Amino acid sequence: MSRLNGKVALVTGAARGIGEAIARVFTANGAFVYVTDIDDALGREVAGALGAAARYLRLDVREESDWQRVTAQILAERGSLDVVVNNAGITGFENGVDTHDPENATLESWHAVHRTNLDGVFLGCKHAIRAMRRTGKGSIVNISSRSGLVGIPGAAAYASSKAAVRNHTKTVALYCAEHGLAIRCNSIHPAAILTPMWEPILGTGPEREARMRAFVRDTPMRRFGTPDEVAAVALLLASDEAAYMTGAELSIDGGILAGSAAAPGAQHGDER
Ligand SMILES: NC(=O)c1ccc[n+]([C@@H]2O[C@H](COP(=O)([O-])OP(=O)(O)OC[C@H]3O[C@@H](n4cnc5c(N)ncnc54)[C@H](O)[C@@H]3O)[C@@H](O)[C@H]2O)c1
């Protein structure tokens with residue numbers, strides 16, 4: 001497979017979950033991938049497993065100096081940066097399920113989620129454009145969420161940050177087109193994808209299976225998605241096959257945004 005032959009890619013938050021799957025499918029398709037994260041041990045392990053076509057670099061997406069250092073190093077080492085996937089993100093529930101509703105969330109937790117999910121994507125787009133100017137072309141893929149398209153009462157900051165990522169993607173797409181740059185920018189909107197991000201929410205006890213079923217009860221396909229299913233769409237957007245796609249948003253959600261699975265005439269009873 002060679003859909004990304006000769007391309008140099010940077011993936012943020014690539015030490016596990018969706019980012020790891022994207023890094024894997026990109027190297028399998030001929031790209032050289034910079035696996036970046038703040039979890040150095042796991043990031044190095046992932047890059048090591050991918051072999052000669054990958055390298056780990058620490059990049060905290062919240063820190064502009066990290067973006068400057070990493071993009072300068074990539075241009076010095078490889079001559080170009082062709083694909084940036086802004087994947088790193090947090091729910092705010094990393095240390096246990098907390099209060100994130102609009103009435104009770106703390107300003108501190110609101111800022112912390114936006115700092116990673118939104119500031120991180122802003123910086124990622126900014127430094128991707130600057131680096132891609134060297135060739136005048138490239139693909140920026142922003143991982144938003146279904147939560148960026150609908151309200152989520154129990155995760156207000158997460159939903160807000162992902163909605164802002166969706167909008168900023170379109171601004172970046174228009175800006176690049178206006179400046180005559182062949183730099184495309186698109187967003188991906190996954191719903192429930194089974195990754196380590198879900199562990200604090202699902203827990204490990206006997207209730208885990210029931211919680212998993214409850215989370216996908218309203219999903220027409222009645223299951224979690226997989227990281228590889230998201231990576232397949234990132235691969236399309238990163239490749240030249242998507243040369244006329246910019247400012248677009250692609251949902252990967254088992255049909256949840258298409259409407260209700262419990263519509264009249266549905267095959268399954270309302271109890272599911
Ligand atoms: N899993 C889902 O159901 C789902 C659904 C919709 C959207 N998403 C989005 O997909 C992306 C990946 O999610 P995941 O489920 O693989 O998450 P995950 O928690 O399994 O992995 C996230 C990775 O990001 C890294 N990270 C966190 N903060 C960082 C920072 N400041 N700088 C750099 N790296 C950082 C973590 O160390 C981790 O390796 C996120 O943006 C998430 O919001 C996930």
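Remember, it's a predicted structure, so these values are computed and weren't measured experimentally. Both counts, for ligands and for their atoms, begin at 1 and track the order of listing.
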### Where ligand 1 meets W198 - atom numbers and elements under 4.0 angstrom, heavy-atom basis
1 (N), 2 (C), 3 (O)
### Query
In the protein, which heavy atom is nearest to atom 6 (C) of ligand 1, and how far is it?
P190 O, 3.1 Å
### Query
So which of A88, A15, G17 gets nearest to atom 35 (C) of ligand 1, if we judge by its closest heavy atom?
A88
#### Entry: Members besides L174 in its Ile/Leu/Val/Met/Phe/Trp/Tyr cluster (side-chain heavy atoms under 4.5 Å)
none
### Task
Carefully, step by step, assess T99 and N104 under the rule side-chain hydrogen bond (donor to acceptor under 3.5 Å, both in side chains).
CA-CA 6 Å; T99 311; N104 298 300; over 6 Å; no
### Message
Using a 4.5 Å cut-off between side-chain heavy atoms of Ile, Leu, Val, Met, Phe, Trp and Tyr, which other residues end up in the same hydrophobic cluster as I252?
### Response
L4, V11, I18, I22, V25, F26, V33, V35, V46, L50, Y56, V83, V85, V141, I143, I188, I193, V230, V233, L235, L237, M245, L250
### Query
Do any N/O atoms on S145 end up under 3.5 angstrom from N/O atoms on ligand 1?
no
### Task
Would you check if the side chain of K137 reaches a backbone N or O of I183 as a donor-acceptor pair within less than 3.5 Å?
no
#### Entry: Verdict with supporting geometry, T71 and Q68, side-chain hydrogen bond (donor to acceptor under 3.5 Å, both in side chains)
CA-CA 6 Å; T71 51; Q68 287 161 334; over 6 Å; no
### Message
Contact between ligand 1 and T12 is defined here as a heavy atom of the residue under 4.0 Å from a ligand atom; is it met?
### Response
no
### Message
Below the 3.5 angstrom mark, is there an N/O of V61, backbone or side chain, next to an N/O of ligand 1?
### Response
yes
### Task
Could you list the atoms of ligand 1 found under 4.0 angstrom from a heavy atom of P196?
20 (O)
### Message
Salt bridge or not between R58 and D40? Use side-chain N to carboxylate O under 4.0 Å.
### Response
yes
#### Entry: Side chain, backbone, both or neither: A14 near ligand 1, heavy atoms under 4.0 Å
neither
### G89: numbered ligand 1 atoms lying under 4.0 Å from its heavy atoms
40 (C), 41 (O)
### Message
Between D240 and K7 (salt bridge meaning N to carboxylate O under 4.0 Å), is one present in this structure?
### Response
yes
### Task
Please could you name the atoms of ligand 1 that D60 approaches to less than 4.0 Å, counting only its heavy atoms?
30 (C), 31 (N), 32 (N)
### Query
Non-hydrogen atoms of G43 versus ligand 1: any pair closer than 4.0 Å?
no
## Note on the structure
Nearest non-hydrogen protein atom to atom 14 (P) of ligand 1, with distance, is T195 OG1, 3.5 Å
### Query
Charged N to carboxylate O below 4.0 Å: is that the case for E199 and R211?
no
### Message
Could you tell me, atom by atom, which parts of ligand 1 come under 4.0 Å of a heavy atom of I193?
### Response
1 (N), 2 (C), 3 (O)
#### Entry: Nearest-contact summary for atom 13 (O) of ligand 1 - protein heavy atom, Å
M197 CE, 3.7 Å
### Task
Walk me through it: do H189 and S187 pass the test side-chain hydrogen bond (donor to acceptor under 3.5 Å, both in side chains)?
CA-CA 7 Å; H189 299 260; S187 59; 2.8 Å; yes
### Summary
atom 39 (O) of ligand 1 has as its nearest protein heavy atom D37 OD2, 2.7 Å
### Task
Name the closest protein heavy atom to atom 7 (C) of ligand 1, giving the residue it belongs to and the distance to 0.1 Å.
S144 O, 3.2 Å
### Message
Tell me whether T91 contacts the main-chain N or O of F93 through its side chain, where contact means a donor paired with an acceptor under 3.5 Å.
### Response
yes
### H100 ring center near Y158 ring center (under 6.0 Å)
no
### Message
Please check: side-chain N/O of N117 versus main-chain N/O of S161, any donor-acceptor pairing under 3.5 Å?
### Response
no
### Task
Test H179 against I129 for side chain to side chain contact (heavy atoms under 4.5 Å, CB included), laying out the working first.
CA-CA 11 Å; H179 282 73; I129 296 167; over 6 Å; no
### Task
Would you mind finding which of N87, I252, I143 brings a heavy atom closest to atom 40 (C) of ligand 1?
N87
### Query
Between A191 and ligand 1, which part of the residue brings a heavy atom under 4.0 Å of the ligand: side chain, backbone, both or neither?
backbone
### Message
Please determine whether any non-hydrogen atom of Y158 lies less than 4.0 Å from an atom of ligand 1.
### Response
yes
### Query
Of all the heavy atoms in R146, does at least one lie under 4.0 Å from an atom in ligand 1?
no
### Message
Let's go through N142 and T169 carefully: what are the C-alpha distance in whole Å and the side-chain angles of both, what is the deciding distance for side-chain hydrogen bond (donor to acceptor under 3.5 Å, both in side chains) to 0.1 Å, and is it a yes or a no?
### Response
CA-CA 7 Å; N142 293 333; T169 299; 3.0 Å; yes
### For atom 24 (O) of ligand 1, the protein heavy atom that lies nearest, with its residue and separation
G13 CA, 3.4 Å
### Message
For ligand 1, which is the ligand I care about here, please tell me if I18 has any N or O atom under 3.5 Å from one of the ligand's N or O atoms.
### Response
yes
### Message
Would A192 count as a contact residue for ligand 1, given that I'm defining contact as a non-hydrogen atom of the residue lying under 4.0 Å from a ligand atom?
### Response
yes
## Note on the structure
Ranked by distance from atom 29 (C) of ligand 1, the top protein heavy atom is I38 CD1, 3.6 Å
### Task
Measure L59 to ligand 1 on non-hydrogen atoms and call it side chain, backbone, both or neither using the 4.0 Å cut-off.
backbone
### Message
So, regarding D39 and ligand 1 (criterion: nitrogen or oxygen to nitrogen or oxygen, under 3.5 Å), is there a contact or not?
### Response
no
### Query
Do NZ/NE/NH1/NH2 and the carboxylate oxygens of E63 and R115 come within less than 4.0 Å?
yes
### Query
Can you tell which part of H189 has a heavy atom less than 4.0 Å from ligand 1: side chain, backbone, both or neither?
neither
#### Entry: Nearest-neighbour protein heavy atom for atom 18 (P) of ligand 1, which is reported as residue plus atom name and distance
R16 NE, 3.3 Å
